[in-house]
Structure formats: structure tokens, C-alpha cells
Amino acid sequence: VDYENYATVSTAKARFCYLFEYCKSLTSAPELPATTLADNCYHGMFWNCTSLTVAPELPATTLAESCYESMFYNCTNLTTAPELKATTLAESCYESMFYNCTNLTTAPELPATTLAEYCYLQMFNGCTSLTAAPKLPATTLAKNCYYEMFSGCTSLTAAPELPAATLVNWCYYRMF
């Protein structure tokens, strides 16, 4: 990675999986300017960074399999989620992204209308301070897409509208 020109880094060659895993004193994240991602590129990047309070901006609109999977897993002091702009998702792209982020109070908007298998699986599982679920506008679902998405979110007061007319296997399994 060219540290002076990292804005154009190809995530296909520079993988950041678990880069800051267990960096419990990390309070802020570096910029992540890539707009096209590769499989697993940011998987678990901030896993157990319990002092991280604000996530970096994530400008990517072209996602790849498991690109953000478990990215902020157990970041218990994370209070603000980044904006997620992608409208077409990849398999497991947001799986467990904010799992057990117990201080996260607001979920990002999720504008995607076409989902992929496991895309939102356990995305907010254990986010006990989350009070409102984001709108879920998707009308084309995929296997396991919302599987346990809000499981353990004990502060949620209302469920989102679910506009899809055609369901697929396990799409809403244990969603709440």
C-alpha cells in the first residue's frame, strides 16, 4: 500500500482483514476511501476494538462477498454507524457488521432494493441500545438475507415495514 496515495488502493491487492483486531485502545479509524471492494477486504478489520467510538466513512457502492463482514464486531463503544450507500448487495457483505455494538443507538439507512444471500445476517445482533430499525425497502429477497438481523436488540420499540411480497427460505428467520 502506498501510504501517500492510498485513496486509489485496490482492495484486491491490499487486504485489511482483522488489521486492528483487539486494538482495545484504538479510538478513531483511518480513512477507507476505496469505492470498489474485493472479497473479505475489510472483514473483521476492527474486531473487538472496544474503544472505537466513530466508524470511518465507507464510500463504496460496489460491494463484494463478505467485504464488511464483522467489521465492527464487538466494538462496544461505537455510537455512530457510517452511511452505507450500496443499492445492490453481495453475499454476506454486511453480515455481523455491528454485532454486539452495545452503544450503537442509530442504524444507518439501508437503501438496497435487491438483496443477496446472508447480506444482513446478524448485522445488528446484540445492539442493545438500538431504538429504531432502519427502513427495509427491498422487494427482492434472498436466502437468509435478514436472518437474526435484530436478534438481541432489546431496546427496539417497533419493527420496520417489510414490503416484499415473495419470500424465500429463511429470509426472516429469527429476525427479532
Side-chain angles (χ1 to χ4, degrees), residues 1 9 11 14-34 37-60 62-86 89-110 112 115-134 136 142-156 160 170-176:
V1 175
V9 68
T11 60
R15 307 248 179 187
F16 304 101
C17 302
Y18 299 99
L19 182 64
F20 299 105
E21 180 182 19
Y22 289 101
C23 288
K24 295 185 180 220
S25 61
L26 184 71
T27 58
S28 62
E31 289 182 37
L32 301 173
L37 305 182
D39 292 354
N40 297 294
C41 61
Y42 296 135
H43 187 151
M45 188 174 188
F46 301 103
W47 183 286
N48 270 309
C49 290
T50 54
S51 296
L52 189 67
T53 57
V54 179
E57 288 185 34
L58 300 174
T62 302
L63 304 186
E65 186 175 327
S66 300
C67 59
Y68 293 131
E69 184 177 343
S70 303
M71 188 173 187
F72 302 104
Y73 193 104
N74 205 42
C75 289
T76 54
N77 279 308
L78 188 68
T79 57
T80 306
E83 183 180 357
L84 302 174
K85 300 176 183 181
L89 307 182
E91 186 174 321
S92 299
C93 59
Y94 295 131
E95 180 178 332
S96 302
M97 187 175 187
F98 301 104
Y99 193 106
N100 204 40
C101 290
T102 54
N103 279 316
L104 189 66
T105 56
T106 306
E109 288 185 33
L110 302 173
L115 306 186
E117 289 187 16
Y118 310 99
C119 60
Y120 293 130
L121 185 140
Q122 298 185 334
M123 186 176 187
F124 300 105
N125 191 319
C127 292
T128 55
S129 297
L130 194 62
T131 57
L136 301 174
K143 183 177 156 189
N144 296 300
C145 58
Y146 294 127
Y147 187 109
E148 294 186 354
M149 186 176 185
F150 300 104
S151 181
C153 293
T154 55
S155 296
L156 280 181
W170 310 99
C171 60
Y172 295 132
Y173 183 74
R174 297 179 64 182
M175 189 173 179
F176 300 97

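Just the heavy atoms: all of them, side chains too, but no hydrogens, waters or symmetry mates, feed the values below. Remember, predicted model here, so these are calculated numbers, not experimental data.
Cys93 pairs in a side-chain contact (heavy atoms from CB on, under 4.5 Å) with only one of the listed residues (Leu63, Leu121, Asp39, Leu37), which is Leu63.
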For residues 77-85, dump all side-chain donor-acceptor pairs below 3.5 Å to protein atoms at least two apart in sequence or in another chain.
unit_1: Asn77; atom_1: OD1; unit_2: Asn103; atom_2: ND2; d: 3.2
unit_1: Asn77; atom_1: ND2; unit_2: Thr50; atom_2: O; d: 2.7
unit_1: Thr79; atom_1: OG1; unit_2: Thr53; atom_2: O; d: 3.2

Only distances under 3.5 Å count here; give the side-chain donor-acceptor pairs of residues 18-27 to other protein atoms, sequence neighbours excluded, each with its distance to 0.1 Å.
unit_1: Tyr18; atom_1: OH; unit_2: His43; atom_2: NE2; d: 3.3
unit_1: Tyr22; atom_1: OH; unit_2: Asn48; atom_2: ND2; d: 3.3

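One distance of note links CD of Glu117 with CD of Glu91; it measures 5.5 Å at 0.5 Å rounding. The CZ atom of Phe46 lies 11.5 Å from the SG atom of Cys101; values are rounded to the nearest 0.5 Å. In this structure, the separation between CZ on Phe98 and CZ on Phe124 is 5.5 Å, given to the nearest 0.5 Å. Rounded to the nearest 0.5 angstrom, Cys49 SG and Met71 CE are separated by 10.0 Å.
Here the shortest heavy-atom pairing between Leu115 and Ala142 reads O-CB, 3.8 Å. Of all the heavy atoms in Ala64 and Ala90, the pair that sits closest is C-CB, 3.4 Å.
Thr102 is linked by a side chain to side chain contact (heavy atoms under 4.5 Å, CB included) to Thr76, Asn100, Thr128, counting only residues two or more places apart in sequence or in another chain. Every residue two or more places apart in sequence or in another chain that forms a side chain to side chain donor-acceptor pair (under 3.5 Å) with Ser92 is listed here: Glu95. Every residue was checked against the side chain to side chain contact (heavy atoms under 4.5 Å, CB included) condition with Glu57, not counting sequence neighbours, and none meets it. Under the rule for a side chain to side chain contact (heavy atoms under 4.5 Å, CB included), the partners of Ser155 that lie at least two apart in sequence or sit in another chain are Thr131.
Put simply, the side chain of Tyr120 does not reach to within 4.5 Å of the side chain of Pro134, judged on heavy atoms.
Within the structure, every pair that satisfies the side chain to side chain donor-acceptor pair (under 3.5 Å) test and touches residues 142-151, not counting sequence neighbours, is listed here: Tyr118-Asn144, Gln122-Glu148, Glu148-Arg174.
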